[in-house]
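Working notes, structure below.
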Amino acid sequence: MNTDPTGSGNGPEADAFRGSEPAGGGPRRVLLVDDEPGAADLAATHVERLVDGVETVTRTAPADALAVVRDQRVDCVVSDYNMPGTDGLELLEAVRSIDPGLPFVLFTGRGSEEIASEAISAGVTDYLQKGGGRDRYEMLANSVENALDRRRAERDLRGVNAKVTAIHEFATEVSGAESATDVFERVVDAAEEILSFDRCVTARRRGDRLVPEARSANVGEEEVRTFDLGEGVVGTTVAEERTIVVDNLSVDPADPDELEDPTDPGVSRRGPAAGTAGGAAPASEGDANAPPDANAPTEAEELADPVADDIRSAISVPIGPYGAFQAVSDGYASFDGGDVEFAELLAAHAADALEQIETENALRSERDRLSALFEDLPLPVVRTASAEGDERRLDATNEAFEETFGFSDAAHGYREIHDAIVPEGDERIDGGGVLDDGEPIRREVRRRTADGLRDFILNVIPVSRSDETIVYNVYADIGEQKRVERTLRRLHETTREMFRGGDREEIAALAARAAIDILEFPASGVRLYDPDANALSPTAISEEATAALGERPPYGPGDGRLWEAFETGEPIVVDDLDAVETAIGYGMHRSLLVVPLGDHGVMPLGSREPGFFDDTAVQLARVLGANVTVALDHAQRTAQLRDRDAELNREIDRLEKFAGLVSHDLRNPLNVAAGRLELARANVDDADALDELDRIGDAHDRMEELIDDLLALARQGRTVDELESVPLADAAAQAWRTVDTVDATLARPDESLAVEADPERLRTLLENLFINSVEHGSPDGRAAPDGSVEGGDADSASAPDGVTVRVGALPDGFYVADGGVGFGIGPAEATEYGASSDPEGTGFGLAIVREIAAAHGWAFDAVDDDGARFEFRTDG
C-alpha cells in the first residue's frame, strides 16, 4: 500500500487518469482516509487481501487525501467520519467537486441514524460502522468491490451512451460530406476518435477492384495494396457484404493450425495468416466471441496474403456495396462484440451517406435528364422557376412531394405551399443567391408534412435552360436520425428520474413506460427476479402488453426466451414468433425483444408486427436496459442500508424491553423474599441462625444491585441522538460528588476541555469509572492472576489512602486513569459483562462504560499502565 503523504503526479498528466480504468488491466486504486494511521493501514491490508486486483493508498489527513484525488487516479475512497478539521461528509463534498462520480464509502466508528441519514442524503456510496471483528472488514471489502464494479458498469454505460451519441453525430456530419473520398476519410477519423482504433483502413470498390482510400497515421503506405473482389478478407467482405472477425492470425503461414491461445496456454486455436487491408481469412463471422470450429477448414490457402507481419487480429466490415472498413491490431482477440457492433453502425451510416452522395452526383451528372426522371425520383421534389420581381413560381411537384407534404402544383401556388410547409422563424434560403452563383446548396431544414414536423436535408439544385434557370428542391428525410438523438436525451432524463425514485417496483414502472413513451415500442414490461421462487415475476407490465398477452404467471428455468436472456445476460430478438417454437405462448405478439437487467431480471418488449425490432431499436433498448440496471443497483443498496438501520433499532428496543421484563419479574419475588426474611428475623433468637439470615439479606442486596446494573446496561447502550457541548471538568466534579471516594483524590482536567455528549450518560460513565478506581485501586489488594486478592481483605469496601484519579485530554478525546494497582484480569476482559477481579463485584460497571461509549460512537480502550487507564476517542 502507498502511504506517501506527498503523492505524485501533475495536473495535465494526472487528469488523464480521472474516471478511466487502469491501463493494461492494472490494479484499481482505493484511497483510505483515517486520522488514525493504524486504522487506515489495517483497513487497507484487509481490502487488499479480500478484493482482487486493487492497490490501496492511505492518508491520515483530508487535505492530503484531496491532493491524491486531484493529482492521481483514484477509483474509490474509503473515509473515516470524525477527523480533525474536516469530517467525512465534508471530505465527500470536496471529493465530488473534483470527480462527481467517484465512489465514496463512509467507514466510521461513530455510527448513528442521524449520520447514516446525512450520509445517504449527501450521496455516499455506502455507510459502514467500524468494529473489532474480521466480519466488519469483510463487509468493507465487499462494499468496496461492489462500488468498484458499479463504477465500472456506470463507466461502461457512459462509454456506450457516448459512443452511440458520437456515432449519430457522425451520421449527421457525414450526411453533409461532399464526396465519397470525404466519407471514407471520415470513417477512419471516426473509428480513431470514437472507437479508439489506431490502425484503420478503408477500401473503395472501383469496378471489380478494392482500392485503399484512407488509412490511419499508424498504417504505412507499404502496408496496404489493391485487391480483387473476393480476394482476401477485404475482397470477401465486399463481395459477400458480411462482417469478418479474426481473433488470431498465424505468424507462420506454413503452419496455421497449431496456434496457442494466449488466454488459455496449452490450448490451440485455428487462425489463418493475414495482413492489413485484406490479407486475412475469416475466423468467425459476426460474433467476435464465437468459439472456432476445430474441425472446419481454415481457408488460409485461399485467402491468406500477408501484408504486415505484426498483425494478430482484425475486423472487416462492409460499407454497403461501396467498399469496406478494416481495423487491425497486433494483439490477440483485440476486438469484442461491442467493437463489431459500433464498427457496423459506423459503416452503415457511411453507406447511407455514400448512397446519398451517389444520388446527388447522379442528379448533377444527369441535369439534362433530370426533368425526365423527375416523376420517378423517390425523394420529394418541387421545381420552381423565376417570376416577376424576387418571387418564384411553382413549376412542378413530383408524386413523392405530394404524398409527403399534401400539396401539388395542380391545386396550389408557390407562396401557398411555402407558407404552409416552412415553420415560422425558419431561416430563409436565398433563392436569388443560388441563381446568381449557379451552384447547388445543401441545408438541414425542418418542414411541416402531412404527418407533422419532420427533419430533412434540402438540396437546392439550379439547372440552366436555354430560356431560364429552374431550381429543383430535393428533400431527403433525416427524421430517424433526429428521432434517435431526441430519444437518447429523453432516456437520460428518465434515468435521472429513476435514481430519484424509490423502490424497485417504482423503477420498473418508469422503465416500462419509458419503453413505450420514449422508444415508441408497442408493448413493454419488467420482470424482476425472485430468488425465493427462482423465477422472473411480472412486476410492471404495461396495459398494452396485458391487452396482447393477458395475465401472465412467473417464469423460471426452461420457460423460453425470457429466462434464456436472464441466464446468459445477452439480448434476444425474435423477428417472427409464429415461425419458431416457443416454450410459452406470446398471445397476439409476433416480434419479441428481451433485454437483460443484470441480476435483477429482464425487460420483455413485444409487437404485433413481425420484424419490428431493427438494429436501431435493439441499440436503444440496450441503452435503456443498462440505465435501468444501474438504477436498480442503487435502489437495492439504499434499501439494504435502511433495512440494516431499522434492524439495529429493533434490536436495541428488544434488549431494553427484555431488561425491563427481567427486572420486573425478578423484583416481585425478591420483595416477597425480603419481607419473609424480616419476619424470620423477628421470630429467631439464635445468634447463628441470625447470622445465616444476614447472609440471606446480603444475597438479596446483591440481586438488587445486579438488577439495577442490568437495567442500566440496556438503557446506556441506546444510540445518542442529541448531543451538546459538556465541560469535562464540571461533569467530573458532579460525578465525584455522587461517589463514596473515601480518601481518594480527583485531578480535574483543564476548564476549557469540552466533550460533545449526552450530559447524564457522560456523568454515569464517569461515576462507574470513579467507583472502579476507588474499589479496585488498592496497592494492598492487587488481584492475583487467579482472581484472588493478595495482601488485603476481600470483604473490605474501603479504598486505600493516596489513590489519585486523573481526568485529562487526548488529541482526539479524553482519558480517565488512576495510580492504583491496575487490572487483576486482562483489560479487555475487564470490560466484558459479569467480569470482575473482585468476587463481590457485579462485573457490570465497566461494561456500562463501554456501552455508553459505543452509544456516542466513541472508540474505547482499557490499558494497564501503572494503574488502570481508560481512553475515549471522541473524534472517530
Side-chain angles (χ1 to χ4, degrees), residues 172 174-180 182 352-482:
T172 301
V174 79
S175 66
E178 297 181 356
S179 67
D182 190 18
D352 292 341
L354 289 168
E355 182 180 7
Q356 186 171 297
I357 289 173
E358 187 176 67
T359 301
E360 294 172 2
N361 287 340
L363 287 172
R364 293 188 185 96
S365 64
E366 300 290 338
R367 283 184 180 181
D368 293 339
R369 300 169 54 195
L370 195 55
S371 295
L373 299 174
F374 181 73
E375 288 299 333
D376 296 328
L377 195 66
L379 301 177
V381 184
V382 59
R383 188 170 66 206
T384 65
S386 299
E388 294 182 4
D390 294 333
E391 279 295 311
R392 305 288 298 168
R393 64 178 174 82
L394 185 64
D395 188 58
T397 57
N398 70 350
E399 184 178 350
F401 184 91
E402 295 170 11
E403 292 176 354
T404 301
F405 294 100
F407 295 93
S408 68
D409 61 293
H412 307 89
Y414 170 81
R415 179 52 55 186
E416 181 183 4
I417 295 177
H418 179 277
D419 292 344
I421 71 173
V422 179
E424 292 183 9
D426 191 81
E427 183 181 355
R428 180 181 176 84
I429 295 176
D430 184 7
V434 174
L435 294 174
D436 293 341
D437 297 337
E439 294 293 331
I441 65 172
R442 198 166 183 277
R443 187 79 51 79
E444 183 178 321
V445 298
R446 176 165 287 191
R447 293 289 184 261
R448 291 192 188 94
T449 70
D451 300 325
L453 283 173
R454 286 162 59 183
D455 296 293
F456 297 90
I457 293 293
L458 172 59
N459 291 278
V460 182
I461 307 170
V463 178
S464 298
R465 291 179 175 174
S466 57
D467 56 341
E468 65 177 345
T469 298
I470 63 172
V471 176
Y472 289 89
N473 295 272
V474 183
Y475 290 90
D477 192 346
I478 59 169
E480 179 63 16
Q481 292 177 211
K482 292 295 183 181

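Owing to the predicted nature of the structure, the values given are computational and were not obtained by experimental measurement.
In this structure, P440 and I461 approach most closely via the heavy-atom pair CB-CA, 4.1 Å. For the residue pair E424 and R448, the shortest heavy atom distance occurs at N-NH2, 4.1 Å. The minimum heavy-atom distance linking R446 with P423 is given by the pair O-CD, 3.2 Å. Among all heavy-atom pairs drawn from T404 and P380, the shortest one is OG1-CG, 3.4 Å.
Residues forming a side-chain hydrogen bond (donor to acceptor under 3.5 Å, both in side chains) with T384 (at least two apart in sequence, or on another chain): R392. Checked against side-chain hydrogen bond (donor to acceptor under 3.5 Å, both in side chains), D409 has the following partners two or more places apart in sequence or in another chain: T397.
Side-chain contact, Y414 with R393: no donor N or O sits under 3.5 Å from an acceptor N or O.
Put simply, the side chain of Y475 does not reach to within 4.5 Å of the side chain of T449, judged on heavy atoms. Between V445 and F456, some side-chain heavy-atom pair lies under the 4.5 Å cut-off. In this structure, the side chains of I417 and F405 stay at 4.5 Å or more apart for every pair of heavy atoms.
No donor-acceptor pair under 3.5 Å is formed between the side chain of D182 and the backbone N or O of A177. Within the 3.5 Å criterion, the main-chain N or O of E444 finds no donor-acceptor partner in the side chain of D455.
Interatomic distance, H412 NE2 to I421 CD1, rounded to the nearest 0.5 Å: 11.5 Å. Here CG of L379 is found 14.0 Å from OH of Y472. Values are rounded to the nearest 0.5 Å. Atom CG of L354 and atom OG of S175 lie 12.0 Å apart (nearest 0.5 Å).
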**From CA spacing to verdict: side chain to side chain contact (heavy atoms under 4.5 Å, CB included), L458, R447** = CA-CA 10 Å; L458 172 59; R447 293 289 184 261; 4.0 Å; yes
